[in-house]
Amino acid sequence: MASNYTNSLYRDYEEILKKYESQVQLLQETNKLIKELNGTISSLNETIANLSKENETLKKEILRLKSQNDKDSSNSSKPSSTNGYKKVIINRREKTGKKQGGQNGHEGHKLDNKLEQFIN
């Protein structure tokens, strides 16, 4: 009876040893995975820091360009010709359909007649 008890204890010990070894292996795999994830996290943190710096630089550039765009001759030392505001000339004359130049039936005007008045 004592040998059955010893055999049973030995089998229990072997089962516990197998469970322990599987737990140790699982712990090692978990630690390896944790190290890989920590490396990934640190590289992602570096990427985030770089992107944050780039984002700040781009925001500053946008503000600089906006402030430059908002300037005209009234709020800077720029000449008024660089404002870009041009007066639009609207032609309100109605078209008559006549050709350009002298019209049939009208007396022509010449420069020669006017010069002779001043010479005489």
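Side-chain contacts under 4.5 Å among hydrophobic residues (ILVMFWY), followed directly or transitively, place L37 together with L33.
The distance from the CG atom of N38 to the OG atom of S43 is 11.0 Å, given to the nearest 0.5 Å.
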Side-chain atoms of residues 49-59: list all donor-acceptor pairs with protein atoms under 3.5 Å, sequence neighbours left out, distances to 0.1 Å.
{"from": "N50", "atom 1": "ND2", "to": "E46", "atom 2": "O", "distance (Å)": "3.4"}
{"from": "S52", "atom 1": "OG", "to": "I48", "atom 2": "O", "distance (Å)": "2.9"}
{"from": "T57", "atom 1": "OG1", "to": "K53", "atom 2": "O", "distance (Å)": "2.9"}

Scan the side chains in residues 15-29 for donor-acceptor partners under 3.5 Å anywhere in the protein, sequence neighbours excluded, and list what turns up.
{"from": "S22", "atom 1": "OG", "to": "K18", "atom 2": "O", "distance (Å)": "3.4"}
{"from": "S22", "atom 1": "OG", "to": "K19", "atom 2": "O", "distance (Å)": "2.8"}

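Listed for the Q103 side chain is a donor-acceptor partner under 3.5 Å among the backbone atoms of G101.
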Open item on the list: Applying side chain to side chain contact (heavy atoms under 4.5 Å, CB included) to D12 and S8, what does each step give before you reach the verdict?
Closed with: CA-CA 6 Å; D12 290 343; S8 150; 4.1 Å; yes
